[in-house]
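Position 1 is the first residue of the sequence; numbering continues from there. Everything numeric in this text was worked out from a predicted model, so none of it was measured.
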Amino acid sequence: QLQLVESGGDLVQPGGSLRLSCTASEVSLDYYHIGWFRQAPGKEREGVSCISSNGGRTNYADSVKGRFSIYRDYAKNAVYLQMNILKPEDTAVYYCAADYDASGTYYSLSRADFASWGQGTQVIVSS
């Protein structure tokens, strides 16, 4: 069973940066497309970014385009979300999610397309 673990959440000032990590301890992520989602208090969980299993396709929510970047490190079995120019409205619990895709090219920002989820990591952007 795929178990995802997120890390890297923290309290950061507006304009700052954080890098979130998504790893799996006993299963290779090589054939999984990965998504990052976030949920702020009182709001629906929303898609932030996603990447295909071959790393060649990525997508971003409009609210984070130009500020966030998703990438994979196959050697470390990890997917990262680099978040720059953070804003207070980025405050949320961030979750990574994964779903198997042998094609290598599938990617999605829809919650329904992911079977495995991590427990989340808290990001707070505040002065």
Side-chain angles (χ1 to χ4, degrees):
Q1 183 177 355
L2 179 61
Q3 293 186 325
L4 301 170
V5 178
E6 303 96 333
S7 61
D10 205 345
L11 169 64
V12 62
Q13 292 188 342
S17 297
L18 282 176
R19 189 182 75 164
L20 304 184
S21 301
C22 174
T23 59
S25 58
E26 298 182 4
V27 176
S28 170
L29 293 178
D30 288 4
Y31 294 103
Y32 287 81
H33 72 103
I34 305 293
W36 281 99
F37 294 77
R38 67 185 181 187
Q39 188 165 18
K43 293 190 176 182
E44 295 270 328
R45 191 172 299 189
E46 63 175 355
V48 175
S49 183
C50 59
I51 188 167
S52 59
S53 59
N54 69 4
R57 293 187 173 188
T58 59
N59 196 17
Y60 298 91
D62 288 342
S63 58
V64 306
K65 279 181 182 175
R67 300 188 298 122
F68 290 12
S69 178
I70 189 171
Y71 59 99
R72 310 183 69 119
D73 186 330
Y74 294 95
K76 295 184 177 180
N77 201 36
V79 176
Y80 300 100
L81 184 68
Q82 178 66 44
M83 307 188 296
N84 300 324
I85 319 175
L86 283 161
K87 304 176 181 180
E89 51 263 44
D90 295 318
T91 294
V93 177
Y94 283 71
Y95 301 88
C96 72
D99 206 67
Y100 186 82
D101 173 55
S103 76
T105 59
Y106 184 79
Y107 66 114
S108 170
L109 269 179
S110 172
R111 289 165 52 185
D113 290 333
F114 292 90
S116 301
W117 292 80
Q119 294 300 307
T121 185
Q122 177 75 59
V123 172
I124 300 175
V125 185
S126 175
S127 55

Requested in this report: Before accepting this row, confirm whether a basic side-chain N of the pair Asp90/Lys87 lies closer than 4.0 Å to the acidic partner's carboxylate O.
Outcome: no
Can you tell me how far the [atom1] atom of [X] sits from the [atom2] atom of [Y], to the nearest 0.5 Å?
| X | Y | atom1 | atom2 | answer |
| --- | --- | --- | --- | --- |
| Leu109 | Trp36 | CG | CH2 | 13.5 Å |
| Cys50 | Leu81 | SG | CG | 11.0 Å |
| Asp30 | Arg72 | CG | CZ | 7.0 Å |
| Leu86 | Gln13 | CG | CD | 11.5 Å |
| Ile34 | Thr58 | CD1 | OG1 | 14.0 Å |

Query raised in the report: Regarding Asp113 and Tyr106, is there a side-chain donor-to-acceptor distance under 3.5 Å anywhere?
Result: yes
Are any of the side-chain heavy atoms of [X] and [Y] separated by less than 4.5 Å?
| X | Y | result |
| --- | --- | --- |
| Asn77 | Ser28 | yes |
| Leu20 | Arg38 | no |
| His33 | Ser108 | yes |

Between [X] and [Y], which heavy-atom pair has the shortest distance, and what is it?
| X | Y | answer |
| --- | --- | --- |
| Ser126 | Pro14 | C-CD, 3.6 Å |
| Gly8 | Thr121 | N-OG1, 4.0 Å |
| Leu29 | Ala24 | CD2-CB, 3.9 Å |
| Val123 | Gly9 | CG2-CA, 4.0 Å |
| Ala92 | Gln122 | O-NE2, 3.3 Å |
| Ser49 | Ile70 | OG-CG2, 3.2 Å |

Query raised in the report: Members other than Tyr95 in its cluster, when Ile, Leu, Val, Met, Phe, Trp, Tyr link by side-chain heavy atoms under 4.5 Å?
Result: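 Members besides Tyr95, by chain and number: Phe37, Val93, Phe114, Trp117.
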Other residues, nucleotides and ligands only: do more than 12 of their heavy atoms fall within 6.0 Å of [atom1] on [X]?
| X | atom1 | result |
| --- | --- | --- |
| Glu26 | CD | no |
| Tyr60 | OH | yes |
| Gln119 | CD | no |

Does one hydrophobic cluster hold both [X] and [Y], with members joined at side-chain heavy-atom distances below 4.5 Å?
| X | Y | answer |
| --- | --- | --- |
| Phe68 | Val125 | yes |
| Leu4 | Tyr100 | yes |
| Tyr80 | Met83 | no |

Closer than 3.5 angstrom, by distance alone: can the side chain of [X] be matched with the main-chain N or O of [Y] as a donor-acceptor pair?
| X | Y | value |
| --- | --- | --- |
| Asp73 | Ala78 | no |
| Asp101 | Tyr107 | no |
| Glu6 | Cys96 | yes |
| Asp10 | Val12 | no |
| Arg57 | Ser52 | no |

